[in-house]
Student: 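Pasting a structure here, questions to come.
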Amino acid sequence: MSYETLVFEKRDAVAIVTLNRPDAYNALNAQMMTELTHALRAIEADDEIGCTIITGSQKAFAAGADIKEMASKSYMDVFMADFITANWEEASRTRKPLIAAVAGYALGGGCELAMMCDIIIAAENAKFGQPEIKLGVIPGAGGTQRLTRAVGKAKAMDMVLTGRRIDAEEAERAGLVARVVPTEELLDEALKTAETIAELSRPAVMLAKESVDRAYETTLAEGIRFERRVFHSLFATEDQKEGMAAFVEKRSPQFKNR
Ligand SMILES: CC(C)=CC(=O)SCCNC(=O)CCNC(=O)[C@H](O)C(C)(C)COP(=O)(O)OP(=O)(O)OC[C@H]1O[C@@H](n2cnc3c(N)ncnc32)[C@H](O)[C@@H]1OP(=O)(O)O
């Protein structure tokens, strides 16, 4: 499949998807979201790939949904097409880990796309915001929910009700991003993290991701029960035998993803 609005490359077990609409700060139009959906589905189906990085340019991860495309839509247009949800949620459905490597603007849908990923690594110049309120709407791709879970009600309300942007340092303090790195080192740092994950036991990684995500969706007691069942089930894998044997034998594990 060839893509016009993104660049898709594979580096061994890591896929890198680079959003690429430089004329519009990577505004997320319908074509880009369709292509991103196709790329993520191809990655899920590719046994060689263990982790994916989604990134943009040094100026922008993405400045949100394409406002020019959205501006003339009616209520019926957005309701009947289930606009945003229908074509935007692939990132939140992936079972393999996603890293958002964010430099520059991550606004509106850009911030929401980053929050659908499992780890956000921010460049020092990153700026996060949910400015939809200034357009007379509210976040529509999970922003009011994921941002609140990530940074808490006080800061989420501050950002969603005023449209205030936060910089990388504030985003790290608030718990939105895992780490801040020098802008020119962003992709290298994201790659190192992705390679580390891709070398680990794939079933263990996928189940770890699912278990952490469960913490968002259920009670503590239910989440702990889920975690325990998953923990038990991993003792049925060859990788558990290999991982623990390797530790005991003081060598590196050779995972087979089985
Ligand atoms: C997902 C859902 C439900 C909703 C959303 O995401 S709504 C969108 C939320 N995002 C925003 O409101 C951000 C809009 N953009 C900006 O505020 C600014 O463009 C900026 C702060 C990112 C950059 O400002 P700057 O002054 O440096 O550059 P501009 O002249 O404003 O932009 C350059 C060029 O890019 C076009 N652009 C930027 N963002 C978008 C966008 N989200 N949709 C469509 N087009 C966008 C901008 O119009 C301009 O294009 P022209 O050169 O053709 O005028």
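Atoms within a ligand are numbered from 1 in the order they appear, just like the ligands themselves.
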Student: When you check the gap from the basic side-chain N to the acidic O, do Arg225 and Glu222 get nearer than 4.0 Å?
Tutor: yes
Student: Would you list the atom pairs, donor with acceptor, under 3.5 Å between side chains in residues 47-57 and any protein atom, with sequence neighbours excluded?
Tutor:
{"from": "Glu48", "atom 1": "OE1", "to": "Lys10", "atom 2": "NZ", "distance (Å)": "2.9"}
{"from": "Thr55", "atom 1": "OG1", "to": "Ala101", "atom 2": "O", "distance (Å)": "2.8"}
{"from": "Ser57", "atom 1": "OG", "to": "Lys59", "atom 2": "N", "distance (Å)": "3.2"}
{"from": "Ser57", "atom 1": "OG", "to": "Ala60", "atom 2": "N", "distance (Å)": "3.0"}
{"from": "Ser57", "atom 1": "OG", "to": "Ala60", "atom 2": "O", "distance (Å)": "3.3"}

Student: Considering only N or O atoms, set out every pair between ligand 1 and the protein closer than 3.5 Å, with distances to one decimal place.
Tutor:
{"from": "ligand 1", "atom 1": "6 (O)", "to": "Ala65", "atom 2": "N", "distance (Å)": "2.8"}
{"from": "ligand 1", "atom 1": "6 (O)", "to": "Gly109", "atom 2": "N", "distance (Å)": "2.8"}
{"from": "ligand 1", "atom 1": "10 (N)", "to": "Ala63", "atom 2": "O", "distance (Å)": "2.9"}
{"from": "ligand 1", "atom 1": "27 (O)", "to": "Tyr25", "atom 2": "OH", "distance (Å)": "2.6"}
{"from": "ligand 1", "atom 1": "42 (N)", "to": "Ala63", "atom 2": "O", "distance (Å)": "3.0"}
{"from": "ligand 1", "atom 1": "42 (N)", "to": "Ala65", "atom 2": "O", "distance (Å)": "3.0"}
{"from": "ligand 1", "atom 1": "43 (N)", "to": "Ile67", "atom 2": "N", "distance (Å)": "2.9"}
{"from": "ligand 1", "atom 1": "48 (O)", "to": "Lys68", "atom 2": "NZ", "distance (Å)": "3.0"}
{"from": "ligand 1", "atom 1": "50 (O)", "to": "Lys68", "atom 2": "NZ", "distance (Å)": "3.1"}
{"from": "ligand 1", "atom 1": "53 (O)", "to": "Lys68", "atom 2": "NZ", "distance (Å)": "3.1"}

Student: Does this structure show an ion pair linking Glu44 with Lys96, if we count only N-O contacts that are shorter than 4.0 Å?
Tutor: no
Student: Salt bridge or not between Glu90 and Arg41? Use side-chain N to carboxylate O under 4.0 Å.
Tutor: yes
Student: Does the side chain of Asn87 come under 3.5 Å of the side chain of Thr34 through a donor N or O and an acceptor N or O?
Tutor: yes
Student: Can any side-chain N or O of Arg95 pair as donor or acceptor with the backbone N or O of Met206 at less than 3.5 Å?
Tutor: no
